[in-house]
Amino acid sequence: LHKFELADHEWEIVKQLQDVLKDTTLYFSHSTPNLATVIPAINHIDEKLTSYSRNKKYALSICTAVELAKKTFNRYYELTDSSEVYRITMVLHPCHKLSYFKAAHWEEDWIQTAKKLVCNTFDHSYLSADDDSNFGSIEELPHGKAEHAVHFFSSLILCSH
């Protein structure tokens with residue numbers, strides 16, 4: 001069995017790997033994931049992986065493995081772009097709104113796309129269901145009702161608590 005015994009430098013790599021994996025395990029064990037936490041969780045993990053991959057205190061093997069994990073992780077992150085639900089959920093979440101994307105330094109085009117997704121979903125799915133008049137967008141509503149809808153809707157996506 002001595003041939004399977006870890007050398008001192010291998011034990012050091014195991015300790016470093018434990019540091020890397022501990023953060024992720026603790027992060028996911030403290031709360032229940034939901035749609036509104038997916039993007040913040042991905043951003044947090046990406047930030048941690050970037051930090052670990054660049055940290056010179058870790059062995060080259062750990063940094064390389066973390067970099068490969070980051071590339072794989074980013075492939076999955078890109079898949080969230082194919083579903084509007086993630087961005088809509090974030091924009092409508094009371095703690096996030098559009099301010100999350102700004103604080104996370106998203107490009108302005110991406111922020112505006114997220115806003116448009118929510119506006120279009122509101123127009124197509126909820127505004128026309130409001131009554132039997134079947135207005136196609138906020139702009140087509142009668143004056144008083146349009147102002148109320150715009151004010152209410154703007155407060156949903158812009159204000160965070």
Side-chain angles (χ1 to χ4, degrees), residues 17 19-56 58 62-161:
L17 188 58
D19 287 347
V20 172
L21 295 176
K22 182 177 80 175
D23 275 344
T24 305
T25 304
L26 290 175
Y27 184 79
F28 283 111
S29 66
H30 79 278
S31 66
T32 305
N34 60 48
L35 279 178
T37 62
V38 170
I39 290 177
I42 289 172
N43 286 338
H44 176 77
I45 292 168
D46 184 63
E47 201 174 282
K48 289 290 188 180
L49 291 176
T50 299
S51 172
Y52 285 126
S53 71
R54 294 179 180 164
N55 193 329
K56 300 297 182 205
Y58 294 112
I62 297 292
C63 293
T64 302
V66 168
E67 191 61 39
L68 289 171
K70 185 174 163 39
K71 286 180 183 180
T72 301
F73 197 71
N74 285 334
R75 266 200 342 255
Y76 287 103
Y77 190 13
E78 289 172 7
L79 293 174
T80 63
D81 287 343
S82 62
S83 176
E84 298 171 352
V85 171
Y86 294 102
R87 287 171 283 177
I88 291 170
T89 302
M90 290 289 297
V91 172
L92 294 178
H93 192 280
C95 294
H96 298 306
K97 308 287 182 191
L98 291 174
S99 61
Y100 175 84
F101 300 118
K102 292 173 185 170
H105 306 290
W106 280 36
E107 293 179 18
E108 188 59 33
D109 288 350
W110 295 356
I111 296 170
Q112 290 308 312
T113 298
K115 182 178 178 180
K116 285 178 189 173
L117 286 171
V118 176
C119 291
N120 290 342
T121 301
F122 178 78
D123 283 352
H124 292 49
S125 299
Y126 299 102
L127 189 62
S128 62
D130 188 34
D131 60 19
D132 294 330
S133 56
N134 291 322
F135 295 104
S137 69
I138 289 175
E139 291 81 20
E140 295 176 21
L141 286 171
H143 182 65
K145 192 170 185 177
E147 287 177 0
H148 177 71
V150 169
H151 175 71
F152 174 73
F153 185 68
S154 293
S155 69
L156 278 178
I157 64 174
L158 296 176
C159 302
S160 61
H161 297 91

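Here, residue 1 is the first one in the sequence, and each next residue gets the next number.
- For the atom pair CZ of R54 and NZ of K56, the computed distance is 9.5 Å after rounding to the nearest 0.5 Å.
- Using cut-offs of 30° and 60° on the angle between ring planes, the pair W106 and F101 is tilted.
- Note: L35 CG to I88 CD1 = 10.5 Å, rounded to the nearest 0.5 Å.
- The structure places CG of D19 at 4.5 Å from OH of Y58, a figure rounded to the nearest 0.5 Å.
- Considering every non-hydrogen atom in both H96 and P40, the closest pair reads CE1-CG, 3.9 Å.
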Inset, instruction - Kindly determine whether I111 and K102 satisfy side-chain contact (heavy atoms from CB on, under 4.5 Å), including the steps that lead there. - result: CA-CA 7 Å; I111 296 170; K102 292 173 185 170; 3.6 Å; yes
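- Put simply, NZ on K48 and OG on S53 are 13.0 Å apart, with the number rounded to the nearest 0.5 Å.
- With rounding to the nearest 0.5 angstrom, the CG atom of L49 is 11.5 Å from the CD1 atom of I42.
- One distance of note links CG of N74 with OG1 of T50; it measures 7.5 Å at 0.5 Å rounding.
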Legend entry - Working for side-chain contact (heavy atoms from CB on, under 4.5 Å), residues T113 and R87: CA-CA 9 Å; T113 298; R87 287 171 283 177; 3.9 Å; yes
Legend entry - K115 vs V91, side-chain contact (heavy atoms from CB on, under 4.5 Å): CA-CA, chis, key distance, verdict: CA-CA 7 Å; K115 182 178 178 180; V91 172; over 6 Å; no
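- Each salt bridge (Lys or Arg N to Asp or Glu O under 4.0 Å) pair with one or both residues in residues 63-77, not counting sequence neighbours, appears once here: D46-K70.
- Applying the side chain to side chain donor-acceptor pair (under 3.5 Å) test to Y100 and every residue at least two apart in sequence or in another chain returns N43.
- Formation of a donor-acceptor pair under 3.5 Å by the T72 side chain with backbone atoms of L68 is found in this model.
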Inset, instruction - Apply the test side-chain contact (heavy atoms from CB on, under 4.5 Å) to residues I62 and Y52: give CA-CA distance (whole Å), side-chain angles for both, the deciding distance (0.1 Å), then the verdict. - result: CA-CA 8 Å; I62 297 292; Y52 285 126; 5.9 Å; no
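- Under the rule for a side chain to side chain donor-acceptor pair (under 3.5 Å), the partners of E108 that lie at least two apart in sequence or sit in another chain are Q112.
- In this structure, T89 and V85 approach most closely via the heavy-atom pair OG1-O, 2.7 Å.
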